[in-house]
Amino acid sequence: MNKLARSLAWIAAGALSGVILSKLGRKKEAAADQGPLKNSGTMVLETGRLMLRPFTLDDAVDMYENWAKDSEVTRFLTWPPHKDEQVTLGILENWVSQYENGNYYNWAIELKELEEPIGSISVVQQNDRARQAHIGYCLGREWWHQGIMSEALAAVIDYLFSEGYLRIDSRHNVANPHSGDVMKKCGMQYEATLRQRGWDNSGIHDEALYSILAEDYTGGERP
């Protein structure tokens, strides 16, 4: 799909789901002015190298080829490698249908120079009363160890605090310390190791928990 067609697909996805286009660059202090959660949903976020945007059904081939079929990518995840593109398409149909919900946050990580999605980042659990969001992410193996996931996570953290969340956290299998490095680069603090807390395709495992609070992010002020 060419660049113009992709741009039109993003706009169409936004119109269907209530997504508003937004560029990253808001000041960190903005998080201190928030009241209740805004529930703006999956807005488009732009960083130096990346476009974080809603998925579309047209992403099925790229998602399958770039990461979803790779057993090495899914080694520390809870879902198996996709057997074919139809499995990927079925997943995307479910995701796209949820974009109309204002509290649904699920981004395709698109590398600008490639004009294809190479991974995903999303809020996989949330507690609106406590204003807490738990983040999950994955990235195609070809793009590991290039700072891409840290760049994406930093953008999502910034956006979620602007939405009014007070706490953002994530966990990783202790056998996958590189995921913890991503969290630390984004200012998340190690809290604890939860013994035999998780299960993924590698089995039952200990999980390391990291978090960042809005008051950490805004220099001591709590929204």
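Contact annotation: the side chain of H172 approaches that of M183 to within less than 4.5 Å [non-hydrogen atoms, C-beta and beyond]. By the 4.5 Å heavy-atom criterion applied to side chains, L209 and T193 are not counted as neighbours. Inter-residue side-chain proximity for N106 and V123 is flagged as unmet; no heavy-atom pair is nearer than 4.5 Å. Side-chain contact between L111 and L50: present, with at least one pair of heavy atoms (C-beta onward) separated by less than 4.5 Å. Two residues are said to be in side-chain contact when any heavy atoms from C-beta on lie closer than 4.5 Å; V174 and E207 fail this criterion. Side-chain atoms of S122 and Y105, non-hydrogen and from C-beta on, never get closer than 4.5 Å to each other. Between H82 and M63, some side-chain heavy-atom pair lies under the 4.5 Å cut-off. The closest side-chain heavy-atom distance from H145 to H178 is below 4.5 Å.
When atom types are taken as modelled, the side chain of D181 and the backbone of K184 share no donor-acceptor pair closer than 3.5 angstrom. Without hydrogens or angle criteria, N101 side chain to N103 main chain gives no donor-acceptor distance under 3.5 Å. Remark: side-chain polar atoms of S179 are not paired, donor with acceptor, to backbone N or O of N176 under 3.5 angstrom. The backbone N or O of A152 lies less than 3.5 Å from no partner atom in the side chain of T47, so there is not a single donor-acceptor pair.
Criterion: ILVMFWY side-chain heavy atoms under 4.5 Å apart, direct or through other members. Under it, Y64 and F55 are not part of a common hydrophobic cluster. In this structure, F161 is a member of the same hydrophobic cluster as Y104, with clusters built from ILVMFWY side-chain heavy atoms closer than 4.5 Å. Linking Ile, Leu, Val, Met, Phe, Trp and Tyr whenever their side-chain heavy atoms come within less than 4.5 Å puts V73 and L114 in one cluster. By the criterion of side-chain heavy atoms lying less than 4.5 angstrom apart, applied directly or through intervening Ile, Leu, Val, Met, Phe, Trp or Tyr residues, W144 is grouped together with L52 in one hydrophobic cluster. Residues F76 and V182 do not share a hydrophobic cluster, clusters being chains of Ile/Leu/Val/Met/Phe/Trp/Tyr side chains in contact below 4.5 Å.
Counting only N and O atoms by type, the side chains of Y190 and S211 include no donor and acceptor under 3.5 Å apart. Side-chain contact, N201 with T78: no donor N or O sits under 3.5 Å from an acceptor N or O. No hydrogens or angles considered: a donor-acceptor pair under 3.5 Å links the side chains of E163 and S40.
Considering every non-hydrogen atom in both C138 and I109, the closest pair reads O-CD1, 4.4 Å. Among all heavy-atom pairs drawn from W67 and L139, the shortest one is CB-C, 4.3 Å. Here the shortest heavy-atom pairing between Y217 and D158 reads OH-OD1, 2.9 Å. Here the shortest heavy-atom pairing between A68 and W79 reads O-CZ3, 3.7 Å. The two residues D59 and P54 come nearest to each other via the heavy atoms OD2-O, 4.4 Å. For the residue pair P117 and R53, the shortest heavy atom distance occurs at CD-NH2, 3.8 Å.
Note: D200 CG to R75 CZ = 9.0 Å, rounded to the nearest 0.5 Å. Atoms CD1 and CG, on I212 and L153 in that order, are 9.0 Å from each other to the nearest 0.5 Å. Separation of atoms CD1 (I157) and CG (D216) is listed at 10.5 Å; rounding is to 0.5 Å. Note: M149 CE to C186 SG = 10.0 Å, rounded to the nearest 0.5 Å. Expressed to the nearest 0.5 Å, how far NZ of K83 lies from OG1 of T88 amounts to 12.5 Å. Rounding to the nearest 0.5 Å gives a distance of 4.5 Å between CG of D128 and OH of Y165.
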Under the side chain to side chain contact (heavy atoms under 4.5 Å, CB included) criterion, do R131 and Q126 qualify, and how do the steps go?
CA-CA 8 Å; R131 293 162 68 177; Q126 59 211 99; over 6 Å; no

| task | Show the numbers, then the answer: is there a side chain to side chain contact (heavy atoms under 4.5 Å, CB included) between W107 and Y137? | result | CA-CA 9 Å; W107 290 270; Y137 47 76; over 6 Å; no

**Request:** For the pair Y210 and Q189, evaluate side chain to side chain contact (heavy atoms under 4.5 Å, CB included) and give the outcome as yes or no after the intermediate values.
**Result:** CA-CA 5 Å; Y210 286 78; Q189 298 180 29; 5.7 Å; no

For this session: Test side chain to side chain contact (heavy atoms under 4.5 Å, CB included) on L92 and W95 and set out the steps.
Result: CA-CA 5 Å; L92 286 175; W95 289 355; 3.7 Å; yes

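Checked for salt-bridge contact, D206 and R195 miss the test: no charged N lies under 4.0 Å from a carboxylate O. The residues R171 and D169 are annotated as not salt-bridged, no charged nitrogen and carboxylate oxygen being separated by less than 4.0 angstrom. Between R167 and E191, at least one side-chain nitrogen of the basic residue sits less than 4.0 Å from a carboxylate oxygen of the acidic one, meeting the salt-bridge criterion. Salt bridge E46/K112: present, at least one basic N to carboxylate O contact under 4.0 Å. Looking at R49 and E113, no side-chain N of the basic residue comes within less than 4.0 Å of a carboxylate O on the acidic one, giving no salt bridge.
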